[in-house]
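Below: the structure, in structure tokens.
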Amino acid sequence: MKITGGCYCGKVRFEAEIDPDAVVICHCTDCQRLSGSPYRTTALVPRADVEITSGVTRSYWKMAESGRKREQFFCEDCGSPLFTGGEGADEDDWGIRWGMIDQRDVLPPKRQIWCRSAVPWLDEVTALPGNATE
């Protein structure tokens with residue numbers, strides 16, 4: 001599936017070819033901290049299938065809970081998290097941050113990982129009262 005996306009301020013834009021079945025929720029504590037949320041959703045993709053069409057990204061390296069070293073890419077202007085990549089055997093394994101994808105409404109997650117770190121109240125969220133616009 002061809003997707004497009006970009007950062008919050010719009011300076012970084014990208015295109016990619018992804019497998020819609022490769023959208024994953026990660027509950028690890030690193031993803032909780034990096035996203036400021038109970039989990040992070042990512043579309044897994046080979047690096048060669050991602051093209052940055054405008055803007056400049058910055059990055060830093062982080063040792064993941066798994067022990068793998070992961071590069072975190074973000075917009076240098078607004079700070080939006082865009083991609084993650086690895087090194088060595090993981091160099092070609094990239095993740096596109098789901099919230100940055102324009103077509104995210106048709107990309108539901110297909111599996112979950114690091115479930116041992118999942119917050120215990122996650123299943124209760126749909127039962128909370130809510131408003132459509134605030």
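Nothing fancy with the numbering, it's 1 onward along the sequence. Computed over heavy atoms, backbone and side chain alike; hydrogens, waters and symmetry mates excluded.
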[X] [atom1] to [Y] [atom2] distance, which is reported to the nearest 0.5 Å:
| X | Y | atom1 | atom2 | value |
| --- | --- | --- | --- | --- |
| Asp49 | Glu17 | CG | CD | 7.0 Å |
| Asp77 | Arg58 | CG | CZ | 10.0 Å |
| Glu87 | Arg70 | CD | CZ | 9.5 Å |
| Arg40 | Cys31 | CZ | SG | 5.0 Å |
| Cys75 | Lys11 | SG | NZ | 7.0 Å |

State whether the side chain of [X] and the backbone N or O of [Y] hold a donor-acceptor pair below 3.5 Å, judged by distance alone.
| X | Y | answer |
| --- | --- | --- |
| Gln72 | Thr84 | no |
| Gln103 | Thr4 | yes |
| Thr53 | Arg13 | yes |
| Trp114 | Asp30 | no |
| Ser59 | Glu71 | no |
| Asn131 | Thr133 | no |
| Asp92 | Pro46 | no |
| Thr42 | Leu44 | no |

Arg47 with Glu91: basic N within carboxylate O range, under 4.0 Å: no

So do [Y] and [X] actually touch side chain to side chain, heavy atoms under 4.5 Å?
| X | Y | answer |
| --- | --- | --- |
| Lys69 | Lys62 | no |
| Cys9 | Ser80 | no |
| Ile3 | Asp102 | no |
| Val50 | Val45 | yes |
| Met100 | Val12 | no |
| Leu107 | Met1 | yes |

So if I apply the side chain to side chain donor-acceptor pair (under 3.5 Å) rule between His27 and each of Gln32, Arg116, Gln112, which one comes out positive? Gln112

Which ILVMFWY residues are connected to Phe74, directly or by a chain of links, through side-chain heavy atoms under 4.5 Å apart? Leu34, Tyr60

Test of understanding: clusters of I, L, V, M, F, W, Y form through side-chain heavy atoms closer than 4.5 Å, transitively. Do [X] and [Y] belong to the same one?
| X | Y | answer |
| --- | --- | --- |
| Ile25 | Leu82 | no |
| Val56 | Phe83 | no |
| Val24 | Tyr39 | no |

According to the interplanar angle, ranging from 0 to 90°, do the rings of Phe73 and Trp94 count as parallel (below 30°), tilted (30 to 60°) or perpendicular (above 60°)? tilted

For Phe14, I'd like to know if atom CZ has over 12 heavy atoms of other residues, nucleotides or ligands within 6.0 Å. yes

Minimum heavy-atom separation for Pro108 and Val23, please, with both atom names. O-CB, 3.8 Å

